[in-house]
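First comes the structure, then the notes that go with it.
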Amino acid sequence: MEDAIKNIINTQTNPTVAPYASLGEVTLRITAKCEKGTDPAPLLNGMEQRIRDILGDKIYAVDAPNMETVVAGMLLKCKRKVAIAESCTGGMLTSALVKFPGISDALHESVVTYSNESKTQRLGVRAETLEKHGAVSRQTALEMANGLLSGGHADVAVAVTGIAGPDGGTEEKPVGLTYIAVCDKNGEERCQEFRFWGSRDRIRSVATLNALNMLRLYLCAKSE
């Protein structure tokens, strides 16, 4: 992000832009100096628009407390029911959403399908998919999400499967490899591969954040 806006940072005078990094995301603080009684809004708004023009939909909010608050609010506003299947995140994604009061109107169900047997029995992931592609694969993530939709009660489903470590990785599938799928009842499918790094807790936390962001981008596209 800082590299994307480095020209702004390198040439800034007034207002100034300061990045603050946290786990998996960055906050930008815009500060304007002006004479007492002068409205700083034109300076602030102009700089904000410059940044928006560069970063686009990577910006999820202004002055919002966190990603889960934004996503939960979007789900409730658009009146969509979501179902969640988690493997490596072990319930962290669901836990993030249920912090938001009233989320019961949008969260239909959540399951932690940690074992291959659970993925097959609970979500209908095909045994041949697991045998050919493995539990951590694009194919499995998509089948996990679509399995949640088969009941007909959810509008959109999110599935996460990955290798959180510290063991279990291979040269082909290293620790940190994660697939996140977002599918809806109309047949739209999105799936992304991620290669996270760090401790087990960091990988799970960043996977959760990226799953929320993929759901956010899906909801943004549906509201256009």
Side-chain angles (χ1 to χ4, degrees), residues 1-3 19-29 58-61 64-75 82-101 103 106-107 109-119 122-123 125 130 133-145 147-148 156-182 190-219:
M1 185 283 304
E2 189 172 358
D3 186 63
Y20 294 86
S22 59
L23 183 62
E25 56 187 340
V26 176
T27 298
L28 291 175
R29 187 189 70 189
K58 293 181 177 63
I59 298 174
Y60 71 80
N66 49 49
M67 177 76 80
E68 57 260 34
T69 298
V70 171
V71 175
M74 293 174 71
L75 283 167
V82 64
I84 299 171
E86 302 186 60
S87 186
C88 64
T89 46
M92 289 182 73
L93 174 56
T94 306
S95 180
L97 285 176
V98 299
K99 293 177 184 177
F100 192 86
I103 195 62
L107 179 58
E109 69 172 329
S110 171
V111 293
V112 176
T113 52
Y114 215 73
S115 68
N116 285 357
E117 292 79 10
S118 178
K119 291 178 177 66
R122 178 63 186 85
L123 300 175
V125 176
L130 293 167
H133 301 287
V136 180
S137 64
R138 183 181 306 274
Q139 294 81 358
T140 295
L142 287 169
E143 289 190 22
M144 288 171 65
L148 285 173
V156 57
V158 183
V160 186
T161 181
I163 306 170
D167 303 316
T170 64
E171 185 174 344
E172 181 182 358
K173 293 186 177 184
V175 169
L177 177 66
T178 303
Y179 291 90
I180 302 172
V182 177
R190 303 180 179 200
C191 188
Q192 283 188 245
E193 176 186 298
F194 297 90
R195 293 184 179 249
F196 302 126
W197 55 269
S199 68
R200 181 179 179 84
D201 285 344
R202 184 188 188 281
I203 289 170
R204 295 174 65 229
S205 296
V206 177
T208 297
L209 182 63
N210 277 273
L212 286 167
N213 190 52
M214 284 186 63
L215 180 55
R216 177 186 71 88
L217 293 173
Y218 166 85
L219 294 170

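Heavy-atom basis, side chains included; hydrogens, waters and symmetry copies ignored.
- Leu130 approaches Ala135 most closely through the heavy-atom pair CD2-CA, 3.7 Å.
- Considering all non-hydrogen atoms of both residues, Thr161 and Ala141 come closest at CG2-CB, 4.0 Å.
- Residues Ala72 and Phe100 approach most closely at CB-CG, 3.4 Å, considering heavy atoms.
- Between Val175 and Pro166, the closest side-chain pair of non-hydrogen atoms is not below 4.5 Å.
- A 4.5 Å side-chain heavy-atom check between Thr178 and Val136 finds every atom pair outside the cut-off.
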CA sep, side-chain torsions, deciding dist, call: Leu23, Arg202, side-chain contact (heavy atoms from CB on, under 4.5 Å): CA-CA 8 Å; Leu23 183 62; Arg202 184 188 188 281; 3.6 Å; yes
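- Heavy-atom minimum distance, Leu142 versus Cys191: CD2-CB, 3.9 Å.
- The two atoms that bring Met1 and Leu28 nearest to each other are CE-CD2, 3.7 Å, heavy atoms only.
- Taking the side chain as every heavy atom from C-beta outward, Val26 and Glu2 never approach each other to under 4.5 Å.
- Every residue was checked against the ring pair (Phe, Tyr, Trp, His ring centres under 6.0 Å) condition with Tyr218, not counting sequence neighbours, and none meets it.
- Using modelled atom types, no side-chain atom of Arg138 and backbone atom of Tyr179 make a donor-acceptor pair closer than 3.5 Å.
- No side-chain heavy atom of Leu148 sits under 4.5 Å from any side-chain heavy atom of Met144.
- The side-chain heavy atoms of Leu107 and Ile84, taken from C-beta on, include a pair separated by under 4.5 Å.
- In this structure Arg190 satisfies the salt bridge (charged side-chain N to carboxylate O under 4.0 Å, His left out) test together with Glu188, sequence neighbours excluded.
- Residues passing the salt bridge (charged side-chain N to carboxylate O under 4.0 Å, His left out) test with Lys173: none are found, sequence neighbours excluded.
- Under the rule for a salt bridge (charged side-chain N to carboxylate O under 4.0 Å, His left out), the partners of Glu193 that lie at least two apart in sequence or sit in another chain are Arg195.
- Panel note: side chain Ser205, backbone Asp201; a donor-acceptor pair is recorded below 3.5 Å.
- With sequence neighbours excluded, no residue satisfies ring pair (Phe, Tyr, Trp, His ring centres under 6.0 Å) with Tyr60.
- A donor-acceptor pair is defined here as one N or O able to donate and one able to accept, closer than 3.5 Å; no such pair exists between the side chain of Thr89 and the backbone of Met92.
- Using a 4.5 Å heavy-atom cutoff, the side chains of Lys99 and Asn66 are not in contact.
- Residues Asn213 and Met67 have side chains in contact (heavy-atom distance under 4.5 Å, counting atoms from C-beta outward).
- Between the Thr140 side chain and the Ser137 main chain, no donor and acceptor come within less than 3.5 Å of each other.
- Annotation: side chain of Asn210 is not in contact with side chain of Gln192 (no heavy-atom distance under 4.5 Å).
- Considering all non-hydrogen atoms of both residues, Pro174 and Ile163 come closest at O-CD1, 3.8 Å.
- Under the side-chain contact (heavy atoms from CB on, under 4.5 Å) test applied with Leu215, the options Leu93, Ile180, Val82 reduce to a single match, Val82.
- For Glu86, there are no salt bridge (charged side-chain N to carboxylate O under 4.0 Å, His left out) partners, not counting sequence neighbours.
- The backbone N or O of Ala164 sits nowhere less than 3.5 Å from a side-chain atom of Arg204 that would complete a donor-acceptor pair.
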